[in-house]
Student: 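Here it is, the structure in full.
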Amino acid sequence: QVQLAESGGGLVQAGGSLTLSCQASGHKFVSYAMGWFRQAPDKEREVVAAIGWSGDATYYADSVKGRFTIYRDNTKNALWLRMSDLTPEDTAIYYCHALVDLIEDPPRPEFATWGQGAQVTVSS
């Protein structure tokens, strides 16, 4: 299993931008499609963005299309999520995670264990 650590969360005003980082350990990072999930209070965890192992294929939830960009660097075992035009509805804990694949819609997480995530709070 790939070990993952999210960072870059914080408090931002509506309309602002934030970039989340995910550092992976282990040599298998390049083998996995990766995704960013989020969980808001009293809501189910949902996938917001995903990227194939090579970086060529991406997926975005309708709620973030045009505002969020996912990208990765396999040489650094790193994944990012650039978020712009943020709204209070984007407030959540954000997690990076390995995916089963990019074929399913929405993509599903590969493992049962999750990291601590990064808190993103958007004020109005």
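Values below: all heavy atoms of this structure, side chains included; hydrogens, waters and symmetry mates excluded.
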Student: Under the side chain to side chain contact (heavy atoms under 4.5 Å, CB included) rule, what do M34 and R72 come out as? Steps first, then yes or no, please.
Tutor: CA-CA 9 Å; M34 295 294 297; R72 67 189 294 168; 3.7 Å; yes
Student: So is R45 actually on top of Y95's ring, under 6.0 Å and inside 45° of the axis?
Tutor: yes
Student: For residues 48-58, dump all side-chain donor-acceptor pairs below 3.5 Å to protein atoms at least two apart in sequence or in another chain.
Tutor:
unit_1	atom_1	unit_2	atom_2	d
S54	OG	D56	N	3.4
S54	OG	D56	OD2	3.4

Student: With sequence neighbours excluded, what pairs up with A24 under the side-chain contact (heavy atoms from CB on, under 4.5 Å) test?
Tutor: V2, L4, F29, N77
Student: Taking V64 as the starting point, is it possible to reach M83 by hopping between hydrophobic residues whose side chains are less than 4.5 Å apart?
Tutor: yes
Student: Hydrophobic cluster membership, with links at side-chain heavy-atom distances under 4.5 Å among I/L/V/M/F/W/Y: are L99 and I70 in one?
Tutor: no
Student: About how many Å separate CG of L18 and CG of L86, when rounded to the nearest 0.5 Å?
Tutor: 6.5 Å
Student: Could you state whether I93 and L81 fall into the same hydrophobic cluster, counting links through intermediate Ile, Leu, Val, Met, Phe, Trp or Tyr residues with side-chain heavy atoms under 4.5 angstrom apart?
Tutor: no
Student: Who pairs with R38 by salt bridge (charged side-chain N to carboxylate O under 4.0 Å, His left out), at least two apart in sequence or on another chain?
Tutor: E46, D90
Student: With sequence neighbours left out, what residues match K76 under side-chain contact (heavy atoms from CB on, under 4.5 Å)?
Tutor: D73, A78
Student: Please name all residues satisfying ring pair (Phe, Tyr, Trp, His ring centres under 6.0 Å) with F37, sequence neighbours left out, ordered by chain then number.
Tutor: W114
Student: Test of understanding: with ring pair (Phe, Tyr, Trp, His ring centres under 6.0 Å), list the residues that count as partners of Y32, not counting sequence neighbours.
Tutor: F111
Student: Whether the side chain of E6 engages the backbone of C96 through a donor-acceptor N/O pair (distance < 3.5 Å, no angle test) should be reported.
Tutor: yes
Student: Taking atom OG of S7 and atom CG of L20, what is their separation to the nearest 0.5 Å?
Tutor: 8.0 Å
Student: Could you give all pairs that pass the salt bridge (Lys or Arg N to Asp or Glu O under 4.0 Å) test and reach residues 107-124, with sequence neighbours left out?
Tutor: E104-R108
Student: Might you point out which heavy atoms bring P109 and V100 nearest each other, and give the distance in Å?
Tutor: O-CG2, 3.5 Å
Student: So does D85 get a backbone contact from the side chain of R67, meaning a donor-acceptor N/O pair under 3.5 Å?
Tutor: yes
Student: Scan residues 26-82 for pairs that pass disulfide (SG to SG under 2.5 Å), counting only residues two or more places apart or in two chains.
Tutor: none
Student: Take W36 and V47 through the test side chain to side chain contact (heavy atoms under 4.5 Å, CB included) and record every step on the way to the result.
Tutor: CA-CA 6 Å; W36 284 95; V47 60; over 6 Å; no
Student: Distance-only criterion, 3.5 Å: show the donor-acceptor pairs between side-chain atoms of residues 116-124 and protein atoms not counting sequence neighbours.
Tutor:
unit_1	atom_1	unit_2	atom_2	d
Q119	NE2	A92	O	3.4
Q119	NE2	T121	OG1	3.3

Student: Please go through W80's hydrophobic cluster and name the other residues, only I, L, V, M, F, W, Y counting, with side-chain heavy atoms under 4.5 Å joining them.
Tutor: Y71
Student: Measure across L102 and P107 and return the closest heavy-atom pair with its distance rounded to 0.1 Å.
Tutor: CD2-CG, 3.9 Å
Student: Which residues pass the salt bridge (charged side-chain N to carboxylate O under 4.0 Å, His left out) test with K65, sequence neighbours left out?
Tutor: D62
Student: Who are the side chain to side chain donor-acceptor pair (under 3.5 Å) partners of D101, not counting sequence neighbours?
Tutor: none
